[in-house]
Amino acid sequence: MIVIYGIKENLNPIKAKLSDVINQSMQAILGMPEDKRIHRFIPMDKSDFYYPGGRSDNYTVIEINMMEGRQIETKKALIKSLFQHIEKHLNISPVDIEITIKEQPKHCWGFRGITGDEVNDLKYKVNL
């Protein structure tokens with residue numbers, strides 16, 4: 001599950017393309033299926049979105065929520081892929097992108113009526 005925050009005037013026009021770029025990195029690095037797109041965009045009024053100095057109004061925060069189990073190298077590769085592809089396809093500088101990966105134990109996830117530690121038919125690997 002991915003939550004993306006940004007100033008609405010800048011985020012709204014690029015939502016579809018940004019979703020595509022994020023999804024492509026998730027597929028390439030984590031092996032996620034194409035149809036596993038769970039993106040939530042939170043466009044904000046500029047007056048409600050404070051960000052560090054030295055950033056532009058393109059400043060975008062990406063929070064990636066996932067079950068724990070991926071290697072450090074895999075998570076770093078995902079972050080670097082996102083920086084690279086967002087800059088290439090959306091012309092947003094890496095200085096204007098902040099990415100956080102939040103991991104929770106599998107038993108803390110619930111979907112399809114069961115918890116994440118009970119599921120045995122995922123079409124992707126968590127431990128890579």
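Note that these values count all heavy atoms, side chains included, but never hydrogens, waters or copies made by symmetry.
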Counting only heavy atoms not in Asn91, do more than 12 sit closer than 6.0 Å to its CG atom?
-> no
Write down the atom of Met32, the atom of Gln27, and the distance for their closest heavy-atom approach.
-> O-CG, 3.1 Å
What residues form a side-chain hydrogen bond (donor to acceptor under 3.5 Å, both in side chains) with Lys15, not counting sequence neighbours?
-> Asn12
Atom pair CE (Met66) and CE (Met1), whose distance is rounded to the nearest 0.5 Å = 12.5 Å
Pairs meeting criterion salt bridge (Lys or Arg N to Asp or Glu O under 4.0 Å) with involvement of residues 18-29, two or more places apart = Asp20-Arg37
Determine, using the 4.5 Å side-chain heavy-atom cutoff (strictly less than), whether Ile97 and Met44 are members of one ILVMFWY cluster.
-> no
Taking only residues two or more places apart in sequence or in another chain, which ones pass side-chain hydrogen bond (donor to acceptor under 3.5 Å, both in side chains) with Lys8?
-> Asp45
Transitively linked via ILVMFWY side-chain contacts under 4.5 Å: Val21 with Leu78?
-> yes
Do the side chains of Phe83 and Val61 join up, straight or via other hydrophobic residues, at under 4.5 Å, putting them in one cluster?
-> no
Which residue pairs satisfy the ring pair (Phe, Tyr, Trp, His ring centres under 6.0 Å) criterion with at least one member in residues 17-46, sequence neighbours excluded?
-> none
Connected via hydrophobic side-chain network under 4.5 Å: Leu11 and Leu90 = yes
Residues Ile92, Ile14; criterion side-chain contact (heavy atoms from CB on, under 4.5 Å); working and verdict | CA-CA 11 Å; Ile92 299 175; Ile14 65 165; 3.7 Å; yes
For Tyr51, check ring pair (Phe, Tyr, Trp, His ring centres under 6.0 Å) against everything at least two apart and list the hits.
-> Phe49, Tyr59
Would you kindly confirm whether Ile79 and Leu18 end up in one hydrophobic cluster when ILVMFWY residues are joined by side chain heavy atoms under 4.5 Å apart?
-> yes
Check for a donor-acceptor pair, side chain of Thr60 on one end and backbone N or O of Asn58 on the other, with a separation under 3.5 Å.
-> yes
According to the salt bridge (Lys or Arg N to Asp or Glu O under 4.0 Å) rule, which pairs have a member within residues 74-92, sequence neighbours left out?
-> Lys75-Glu103
